[in-house]
*Asks:* 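Got a structure here, written out as structure tokens. Questions coming.
Just so it is clear: chains get the letters A, B, ... in the order the sequence lines come, proteins before strands, and each one is counted from 1.
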Number of protein chains: 2
Amino acid sequence: MATIKVLAKCCGVSVATVSNILNNKPGASAKTRKLVLEMAEQLNYTPNIVAKNLKMQKTRSIGVIAEDMTIFSIPDIIDGITDYCQKQEYQILLTNLRLFKKYNDTYYNKDDYYELVRQEIKKLMEKQVEGIIYVAAHERVIRCIPDNLPIPAVMAYGYSKSRKIPSVVVDDVGGAAGIVKYLLDQGHKKVGVITGKTDSLHAQARLIGYQQVLYQNKILYDPGLVAEGDWTRESGYRCAGELLEKGVSAIFAMNDLMAGGVYDRVEELKQTIGEEISVAGYDDRELSGYYHPPLTTVSLPLHDIGYKASEWMIELLNGGELENAGENVCAVDCMLLIRKSVKDIT
Amino acid sequence: MATIKVLAKCCGVSVATVSNILNNKPGASAKTRKLVLEMAEQLNYTPNIVAKNLKMQKTRSIGVIAEDMTIFSIPDIIDGITDYCQKQEYQILLTNLRLFKKYNDTYYNKDDYYELVRQEIKKLMEKQVEGIIYVAAHERVIRCIPDNLPIPAVMAYGYSKSRKIPSVVVDDVGGAAGIVKYLLDQGHKKVGVITGKTDSLHAQARLIGYQQVLYQNKILYDPGLVAEGDWTRESGYRCAGELLEKGVSAIFAMNDLMAGGVYDRVEELKQTIGEEISVAGYDDRELSGYYHPPLTTVSLPLHDIGYKASEWMIELLNGGELENAGENVCAVDCMLLIRKSVKDIT
DNA sequence: ATTAATTTATATTTCTTGACATTTATTTGT
DNA sequence: ACAAATAAATGTCAAGAAATATAAATTAAT
């Protein structure tokens, strides 16, 4: 491949002149300018960015560490990251930890996992990335990023343990509040909830959203209408049984899988979703659009999380201060996705 | 961040000595060795790989161009790529074209698309990637990569138009043959097919697989049992109607979505999948595992495609010749995924 | 001739590595 | 025991590509 040296020689001018022309600097006649530009085209010249980076002490590259590419949330977040970063002419260096494959779904208990992340961060820093975005597979507190990194780090879809590392997360409280409010607006007075595992942040926040809306609508919170699931379809089926006995007209399942379990139970009872019983889910997994009837649910702002995390990252790289510098947490709005599983009974 | 120069100064030795020690070369006493290593630890020294790359004329990085991260096939392919490349200590530079968002599902007609890809290839080459892997969202002939690139390129999940660019694709003929053979083995004699759009390579190859197995089992091919769908659930529903009238006992739908349409039709007729009617799909989309009953289907070897494409890439980078150099196409085996939608009627 | 506008040559910068040169320490031969 | 030979340890410098500053040289215009 042609270097600037070769190009200069072919044009019969000096390296400095070529450099000036290529970088749109003054100090070159129109004639030489044209000659050099044409020759560059002809030789298919591309500047060696690696050499430029070394000199300029800027690589315009960002390391992205993804916990596992094959988990459904991650690709959309990365899509958001590439969306913004590519607009800003930053290059993504991708590291896929493949955690779920390596540690068989129990990665957050393993010490190896901490060590692995630290190694990968070091590798990326050796490659002179200007910052690191960590993309979690699901929302939780992530403790593996050292908070004394000499370059900025941003957490996408997880909470960092340190103030120094800003986090971009889902506004689960708002999302749950939104869909429960929708259920109430459709005339449902007795709304059951199927929670996820109650030790998860998702489940806790979504429950708060539920309680919040009840309170705002002056409906007394009844713990008897809260059934504890574990995110699986089977648990949805089981909890639906409990709740239906209590005479609820609508069920809010904290994810689409458990909502599917509600469908199973209702079907078994020869009743119809969207008629006798209304159901709402959460997450907008692909399959929920194919339920019968299609599930009304909340779509996670995955793309926006990636986009926002990148905005923050580049803001930090430009030496800017983050908007809400005190908290350093940004909760991104969810979108209510109205389909056919909720009946208007007003 | 500390450079080797700083580290050398702190230790009171020369840069070369530090370099030797850090690279485990002879020519340093145990005493200096210990001193330097400790000081490196203390200063949190990391070598500047960018400078090393410039000197060594090797970047150990590979550009990956993905058509659209949010299409279901792509993340698994990239997972396969990272699996192999990270083992081999190659860094992935990711470029997400976001084609489906930019050109609204019609990208392959647009001239802009060619120009975009060329630009992105150029950008990656400026960053001195040693090779480029192009990841297509679905299998077809990809014409946008120039075949006079000065660095190797490999096509994942698509056919290149040039012999110089090897392609790794799905063995659709084998996959279809496998699942149709399974249907025959279960005693089904009259197996209907719902094709995808017939101008797609997927649909054509899967039909060949179907015909091949019939021939091997000395069953006459009846074009009347082939219904033309368009990959959508609705078309599956429509075609199922046609085929059921002709008295088939099993239907092979060329994707899981259309298989879902068959479920819809059978349900409407108050019959049961896996009892009166057997159904097989293709692709193993996430939702197919949640059908009632779970769908027997063919899982695409997406991870393996990415893995194989990387193997070939690194083989090329090491100056090796590809196994089947004549063809330069590798068709990766699919896996038959037996669930509950096919009844044994032998 | 003088000034202004181009252009060039040269040196420096970034950091790491490797070939080569030099210094210091140790062993061998007489 | 002392010079010579060898080995080990360490230092010096250039290369690698591009950018840039500076000073010097050339050309063109006034």
Side-chain angles (χ1 to χ4, degrees), chain A residues 1-37 39-40 43-61 91 122-123 125-130 150-151, chain B residues 1-37 39-40 43-61 89 91 122-130 150-151:
Chain A
M1 267 185 274
T3 69
I4 199 172
K5 227 171 178 171
V6 174
L7 178 56
K9 196 159 217 171
C10 288
C11 297
V13 299
S14 74
V15 172
T17 306
V18 175
S19 174
N20 282 334
I21 292 169
L22 259 28
N23 294 288
N24 265 320
K25 295 257 168 82
S29 66
K31 206 196 294 170
T32 354
R33 215 171 207 99
K34 187 157 168 272
L35 169 70
V36 169
L37 255 23
M39 187 62 84
L43 293 178
N44 199 18
Y45 165 80
T46 54
N48 184 329
I49 302 282
V50 173
K52 180 178 173 182
N53 288 344
L54 186 58
K55 165 76 178 162
M56 301 279 112
Q57 297 284 296
K58 284 247 169 215
T59 57
R60 284 194 92 80
S61 67
Q91 175 67 53
K122 191 169 182 195
K123 280 187 200 164
M125 280 178 44
E126 288 173 353
K127 286 158 194 163
Q128 308 300 113
V129 296
E130 297 184 20
I151 55 174
Chain B
M1 267 184 274
T3 68
I4 198 172
K5 220 170 179 173
V6 174
L7 178 55
K9 196 158 217 171
C10 289
C11 297
V13 299
S14 78
V15 172
T17 305
V18 175
S19 175
N20 281 335
I21 292 168
L22 260 27
N23 294 289
N24 264 321
K25 298 252 170 90
S29 66
K31 204 196 296 172
T32 356
R33 210 167 213 105
K34 188 157 169 273
L35 170 70
V36 168
L37 254 22
M39 188 61 84
L43 293 177
N44 199 17
Y45 166 81
T46 54
N48 184 328
I49 301 283
V50 173
K52 180 180 170 181
N53 288 344
L54 188 58
K55 164 80 177 154
M56 299 280 108
Q57 299 283 61
K58 285 248 167 203
T59 57
R60 284 193 90 82
S61 67
E89 301 276 339
Q91 175 67 54
K122 191 169 182 195
K123 279 187 199 164
L124 285 171
M125 282 179 43
E126 287 174 354
K127 286 157 194 163
Q128 310 299 112
V129 297
E130 296 183 21
I151 54 174

*Asks:* The helix from C:dA1-D:dT30 to C:dT30-D:dA1: angle between its terminal axes, five pairs each, to 10°?
*Replies:* 50°
*Asks:* Who pairs with B:T46 by side-chain hydrogen bond (donor to acceptor under 3.5 Å, both in side chains), at least two apart in sequence or on another chain?
*Replies:* none
*Asks:* Just how far is it from atom OG of A:S14 to atom CG of A:N20, taken to the nearest 0.5 Å?
*Replies:* 8.0 Å
*Asks:* Tell me which donor-acceptor pairs under 3.5 Å the side chains of residues 2-11 of chain B have, and how far apart each pair is, sequence neighbours excluded?
*Replies:*
from: B:T3; atom 1: OG1; to: B:K5; atom 2: N; distance (Å): 3.3
from: B:T3; atom 1: OG1; to: B:V6; atom 2: N; distance (Å): 3.4

*Asks:* Can you see if the side chain of B:T3 gets near the phosphate of C:dT14 - specifically, an N or O under 4.0 Å from OP1 or OP2?
*Replies:* no
*Asks:* Where does the chain A footprint on DNA chain D start and end, counting 5' to 3' with a 4.0 Å heavy-atom cut-off?
*Replies:* D:dA17 to D:dT20
*Asks:* At a heavy-atom distance below 4.0 Å, what parts of residues 44-54 of chain B sit against DNA chain D?
*Replies:* B:A51, B:L54
*Asks:* Among residues 15-23 of chain B, which contact DNA chain C at a heavy-atom distance under 4.0 Å?
*Replies:* B:V15, B:S19, B:N23
*Asks:* Output the rounded distance in Å from NZ (B:K31) to C1' (C:dT24).
*Replies:* 12 Å
*Asks:* For residues B:Q128 and B:T59, report the shortest heavy-atom separation together with the two atoms involved.
*Replies:* O-OG1, 2.7 Å
*Asks:* For C:dT17, does OP1 or OP2 lie under 4.0 Å from any side-chain N or O of B:Q57?
*Replies:* no
*Asks:* Using side-chain hydrogen bond (donor to acceptor under 3.5 Å, both in side chains) as the criterion, list what pairs up with A:Q91, not counting sequence neighbours.
*Replies:* B:K127
*Asks:* Hey, is the side chain of B:K25 poking within less than 4.0 Å of OP1 or OP2 on C:dG18, counting only N and O atoms?
*Replies:* yes
*Asks:* Tell me if a side-chain donor or acceptor on B:E130 pairs with a main-chain N or O of B:K58 at a distance below 3.5 Å.
*Replies:* no
*Asks:* Counting only pairs under 3.5 Å, give me each side-chain donor-acceptor contact of residues 21-28 of chain A, with atom names and distances, residues two or more places apart or in other chains.
*Replies:*
from: A:N23; atom 1: ND2; to: A:S19; atom 2: O; distance (Å): 2.7

*Asks:* Test: side chain to side chain donor-acceptor pair (under 3.5 Å). Region: residues 48-57 of chain B. Which pairs qualify, not counting sequence neighbours?
*Replies:* none
*Asks:* Below 3.5 Å, does any donor atom in the side chain of A:K55 face an acceptor in the base of C:dT14, or the other way round?
*Replies:* no
*Asks:* Mind calculating the distance between CD1 (B:I4) and C1' (C:dG18) to the nearest angstrom?
*Replies:* 12 Å
*Asks:* Looking at residues at least two apart in the chain, or sitting in another chain, which of them share a salt bridge (Lys or Arg N to Asp or Glu O under 4.0 Å) with B:K34?
*Replies:* B:E38
